[in-house]
Each structure stands twice: as C-alpha cells, then as structure tokens.
Trainee: 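Sharing a structure below in structure tokens format, with a few things to ask.
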Amino acid sequence: MSTLQIILRNNTSSPTVYAHITGTTDNGLFLLNADGQTAYHPASPASGATMQPLGADCAINLGGPGASRTVTIPLVYGGRIWFSKEKPLNFFLNPGPSLVEPSPTNTGDANYDLDWGFCEFTYNTSQLYINVSYVDFVSLPVSFSLENQSGQVRKVAGMPSDGLDRVCQGLEAQGGADHAGWEKLVIKSTRGTNLRALSPNAGAVLIPGLFNGYYQSYVDAVWAKYANEDLTVNTQFTWGDVKGRTKGDQIVFEGVGGFSKPSALDIFSCNSGPFGHGQGVSEEMLNIGARISAALNRSTLLTNSVQPEGEKVATYYQNAVTNHYSRICHEVVVAGKGYAFPYDDVGASNSEDQSGFLNDPAPKVLTVAVGSPL
C-alpha cells in the first residue's frame, strides 16, 4: 500500500496537543499539512537564506484530553512524529531544502522551553518500522499500537505517564551517589518543573566536558583483560565469529582492524573515536564496533567475553561505572523497552529486544498516543 492511516491521540491532561509529521519521500523533504492529509514539499530557500519559515501550516491540532485525529501519510523514510503541548513546534528551512528541527541542546532554540517529544518511523514498500527513542532525551511519553492487515495488534507502551519525573529522580539520586554529574542531565522549565532528561551524549553537547574521564578505569580494566584472553564477537552476519586481543593500546581483530581506547563520549554516542564512521572504515569494523560499544554502555565486557551471544539482560548495568541514564530508562519504561543509546538493539540472538520497536510488512492502522500509554 502506498498510504497509511495513523490515529494520533492526546492522552495527556493538556487542553491542546499538536502533532507534526516530517521525513523524506521520493519527492524530497516532506511535512504533513495541518489538514492531516496533504503532503507539503517545501521549496529550497535562496542561497544564504537560513532559518526561513516553512510557508505552510503543518501543526496538526489533536484537541483536548482523549481527543484524536486520523491522518494519512505516503511512503516516508527517516520519518518522525512530533508532539508538543499547548503550542505548536517551530520548524525552519535552510537551503537544500534542509529542515531545521527542534533542538534539546540549544538554549537559543525557539522550542527550548516547550514540552515536546517524538517517535521515529520508516514506511516503505517493504514494511512499516517504528520505535520510541530516548537516545537524545526523555520528555513526553509516546506509545503506539500497530494493527496489520490480518488483524493482529501489537503494542509498545513506552514511558508511563510519570516516566519523566521518575527518570529525573533516578538521575538525581545517581548524581548524589557517585558525584559524576548525572543530575546535570535534568533540564527544568522556566516554571521550575521537569522539562526533559538528556542522554549523556546530548548532555555533553549542552555541557562541554561533562563525563570526561568517567569510563577510564573501566576501559583500562577491559583492555588489560583482553591482553590475556580472546574477546569473541559474533557479528550475527556473514563474518561470523571474530576474535580480538589487546596489542599495545588497541584491541586488534586480525585481518579486520583494531579499536583504541574510547572516551566516555565515544561510548555514549557510539559513533566517534574508535567507533567513528568514515572513509576507510569497513562494514565489518562498524559491525564489531556496534557490539563493543553496546557492551561498554551496559558494562558487561569484564564479565562476558562472548559478545553479544553470551549476554543476559539481567547482567546489564551492574558495574558501578556504566550508562546509568540507560539503566534508569529501562527501569522506568514499561516492559523495559525503548532505545536509550544508539545500539540498544544489539543483543543475543535469542534474547528479548530492548529497543522498543515494531515492524510489519502489511500494516493497516498505526495508533500513536502522547501521554498515558495505550
């Protein structure tokens, strides 16, 4: 099918909730018009003309508590469904056209003090894929339910209605316990209420130097461990198992490449330092790096030398040095499901998914709610 119906529901107590749907189609940059049916493909601003207004109303008013709107989208990839309470979000255009999205790490952003959140999706000729993401921050709880053409219904509940406050409480408690700065990830509104909880990689953008050196002792211990034994990584792909050992300052996988010691930011972001994507970095190295960075976020490399097939969810985040933001998110989120760092979908082949996604080759109706879970 070339179109999909989406029911957008206001499950908050807010008198007004707005939704915005953005992404890319074969016709270029895409936003859904405020009527919930018409595709809008903005033209590129003139060269040098930045932060230009959209030129169309793309704020879909969902109405008050319990109200919903049914909208229709075309095939979209790299899509997001955004929600904001009380006021619509501000989007702008740069030459390209390139969409300037709301930023949780830019205090000068027009949306900075608004209460907003999103989920991510791709709808193509093969399938609908959708996930709830906390990779950047936790804010408004988003949940979804997917009915396919056979009538099967599956749900991802996301955060409970008080999820943000519980995550903020957990971060403040962890900051008080280890004095590493976790409480600095809690962002307050101008009214003094919890507005969002930043992930550590987003927090390091807003607060340069945050978590510098945090992982050093753990990384040193890991590199020392694998000087004397193999680190086996199952690529879960055509490369099969690969084995690495520490040689000098790298864990080296013979014939593939080596990984130098990552910083805390490299670990939290999963895409810088030894985990960076760039020219000359093979797909196999990126695959191995995803599994190593996932194990570092979960702090399981000292207890499990067979990654990720030897992993058990119950052993995640047990070391004092770990990604406590991710730990807290998974403790608070319903059924433990939701992306809390970029490779949160890595796991043993027979383990339960941690990332909170749904996909289906024959979707019929997608329902997405903001506020109390569906």
Side-chain angles (χ1 to χ4, degrees), residues 24 77-78 120 122 124-127 129 131 133 135-136 199-202 204-205 211 214-216 218-311 316 322-323 326 339-351 353-355 357 359:
T24 305
Y77 55 93
E120 301 173 321
T122 286
N124 57 34
T125 55
S126 299
Q127 65 171 344
Y129 171 93
N131 72 71
S133 176
V135 169
D136 295 323
S199 68
N201 52 307
V205 174
F211 299 116
Y214 174 73
Y215 260 97
Q216 190 65 53
Y218 186 85
V219 168
D220 287 345
V222 168
W223 260 241
K225 173 182 174 69
Y226 293 110
N228 301 308
E229 62 179 286
D230 288 338
L231 170 60
T232 301
V233 175
N234 187 322
T235 61
Q236 300 171 313
F237 198 58
T238 55
W239 305 292
D241 284 351
V242 293
K243 296 182 184 295
R245 283 217 179 191
T246 303
K247 295 184 178 180
D249 64 351
Q250 292 190 327
I251 293 180
V252 176
F253 294 83
E254 294 295 343
V256 184
F259 294 88
S260 57
K261 291 181 178 181
S263 68
L265 186 55
D266 297 334
I267 293 168
F268 292 138
S269 69
C270 301
N271 68 358
S272 61
F275 308 126
H277 299 208
Q279 188 174 4
V281 180
S282 70
E283 290 298 317
E284 186 175 2
M285 279 290 285
L286 293 175
N287 179 296
I288 298 168
R291 283 145 182 78
I292 293 174
S293 61
L296 285 166
N297 273 279
R298 296 163 175 159
S299 300
T300 59
L301 278 171
L302 289 178
T303 54
N304 176 27
S305 61
V306 182
Q307 294 287 337
E309 294 299 349
E311 293 283 64
Y316 293 170
T322 196
N323 184 340
S326 184
Y339 265 100
F341 64 90
Y343 287 121
D344 214 353
D345 56 347
V346 168
S349 298
N350 61 353
S351 68
D353 169 67
Q354 295 294 292
S355 63
F357 77 92
N359 68 312

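As the structure is a computational prediction, the values presented were derived from the model and not from experiment.
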Trainee: Which value, rounded to the nearest 0.5 Å, describes the distance between Leu231 atom CG and Ser305 atom OG?
Mentor: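 Going from the CG atom of Leu231 to the OG atom of Ser305 covers 7.0 Å.
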
Trainee: Going by side-chain contact (heavy atoms from CB on, under 4.5 Å), name the residues that satisfy it together with Thr235, two or more places apart in sequence or in a different chain.
Mentor: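 Scan of Thr235 (side-chain contact (heavy atoms from CB on, under 4.5 Å), adjacent residues dropped) gives Phe237, Trp239, Val242, Asn287, Ile288.
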
Trainee: Which heavy atom of Asn323 sits nearest to which heavy atom of Pro200, and what is that distance?
Mentor: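 Smallest heavy-atom distance, with atoms named: OD1-CG, 3.8 Å.
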
Trainee: Of the non-hydrogen atoms in Phe341 and Ala294, which two are nearest, and what is the gap between them?
Mentor: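 So the minimum-distance heavy-atom pair works out to CE1-CA, 3.7 Å.
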
Trainee: For the atom pair OH (Tyr77) and CG (Asn124), what is the distance rounded to the nearest 0.5 Å?
Mentor: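 The distance works out to 10.5 Å.
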
Trainee: How close do Leu296 and Pro262 get, counting heavy atoms only, and between which atoms?
Mentor: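 Closest approach of Leu296 to Pro262, heavy atoms only: CD1-CG, 3.9 Å.
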
Trainee: Could you list the residues that satisfy side-chain contact (heavy atoms from CB on, under 4.5 Å) with Asn350, not counting sequence neighbours?
Mentor: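 Partners of Asn350 by the side-chain contact (heavy atoms from CB on, under 4.5 Å) criterion, ordered by chain and then number, come out as Ala348.
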
Trainee: To the nearest 0.5 Å, tell me how far Thr232 OG1 sits from Glu309 CD.
Mentor: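 Between Thr232 OG1 and Glu309 CD, I get 11.5 Å after rounding to 0.5 Å.
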
Trainee: What side-chain donor-acceptor pairs closer than 3.5 Å can you find for residues 275-286, not counting sequence neighbours?
Mentor:
{"residue": "Ser282", "atom": "OG", "partner": "Met285", "partner atom": "N", "Å": "3.1"}

Trainee: Sequence neighbours excluded, which residues qualify as side-chain contact (heavy atoms from CB on, under 4.5 Å) partners of Ser355?
Mentor: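 Only Tyr339, Asp345, Asp353, Phe357 meet the side-chain contact (heavy atoms from CB on, under 4.5 Å) criterion with Ser355.
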
Trainee: For Gln236 and Ser349, work out which heavy atoms get closest and say how close.
Mentor: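 The answer is NE2-OG, 3.4 Å.
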
Trainee: Is there side-chain contact between Leu301 and Tyr218, with heavy atoms separated by less than 4.5 Å?
Mentor: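 Sidechains of Tyr218 and Leu301: in contact.
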
Trainee: Just grab all the salt bridge (Lys or Arg N to Asp or Glu O under 4.0 Å) pairs involving residues 231-248, residues at least two apart or on different chains.
Mentor: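 As it turns out, the salt bridge (Lys or Arg N to Asp or Glu O under 4.0 Å) pairs with a partner in residues 231-248, which skip direct neighbours, are Asp230-Arg245, Lys247-Glu254.
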
Trainee: Who passes side-chain contact (heavy atoms from CB on, under 4.5 Å) against Ala204, sequence neighbours left out?
Mentor: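 If we apply the side-chain contact (heavy atoms from CB on, under 4.5 Å) test to Ala204, skipping adjacent residues, the hits are Leu265.
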
Trainee: List in chain and number order the residues that pass ring pair (Phe, Tyr, Trp, His ring centres under 6.0 Å) with Tyr215, two or more places apart in sequence or in another chain; answer none if no residue qualifies.
Mentor: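 With neighbours one apart ignored, the set is Phe268.
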
Trainee: My understanding is that only residues two or more places apart in sequence, or in another chain, count here; which of them pass side-chain hydrogen bond (donor to acceptor under 3.5 Å, both in side chains) with Ser299?
Mentor: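 Partners of Ser299 under the side-chain hydrogen bond (donor to acceptor under 3.5 Å, both in side chains) test: Thr322.
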
Trainee: Just grab all the salt bridge (Lys or Arg N to Asp or Glu O under 4.0 Å) pairs involving residues 291-304, residues at least two apart or on different chains.
Mentor: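 Every pair satisfying salt bridge (Lys or Arg N to Asp or Glu O under 4.0 Å) with a residue in residues 291-304: Arg298-Asp344.
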
Trainee: I'd like to know if the side chain of Thr24 and the backbone of Gly78 have a donor-acceptor N/O pair within less than 3.5 Å.
Mentor: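 Answer holds: no.
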
Trainee: Check step by step if side-chain contact (heavy atoms from CB on, under 4.5 Å) holds for Asn297 and Cys270.
Mentor: CA-CA 9 Å; Asn297 273 279; Cys270 301; 3.6 Å; yes

Trainee: Under a 4.5 Å cut-off applied to non-hydrogen side-chain atoms, are Gln250 and Pro274 in contact?
Mentor: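 A side-chain contact under 4.5 Å is absent here.
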
Trainee: Partners of Asp136 by side-chain hydrogen bond (donor to acceptor under 3.5 Å, both in side chains), sequence neighbours excluded?
Mentor: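 For Asp136, no residue satisfies side-chain hydrogen bond (donor to acceptor under 3.5 Å, both in side chains) once neighbours in sequence are set aside.
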
Trainee: The criterion is salt bridge (Lys or Arg N to Asp or Glu O under 4.0 Å); which residues satisfy it with Glu120, sequence neighbours excluded?
Mentor: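 Expected list: Arg80.
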
Trainee: Check the pair Ser133 / Asn131 against side-chain hydrogen bond (donor to acceptor under 3.5 Å, both in side chains), numbers first and verdict last.
Mentor: CA-CA 6 Å; Ser133 176; Asn131 72 71; 4.6 Å; no

Trainee: Does any pair with a residue in residues 255-267 pass side-chain hydrogen bond (donor to acceptor under 3.5 Å, both in side chains), and if so which ones, sequence neighbours excluded?
Mentor: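 Residue pairs with at least one partner in residues 255-267: Asp220-Lys261, Ser263-Asp266, Asp266-Ser272.
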
Trainee: Given Tyr214 and Ile267, is the side-chain contact (heavy atoms from CB on, under 4.5 Å) satisfied, shown in steps?
Mentor: CA-CA 10 Å; Tyr214 174 73; Ile267 293 168; over 6 Å; no

Trainee: Under the side-chain hydrogen bond (donor to acceptor under 3.5 Å, both in side chains) criterion, do Ser351 and Glu311 qualify, and how do the steps go?
Mentor: CA-CA 8 Å; Ser351 68; Glu311 293 283 64; over 6 Å; no

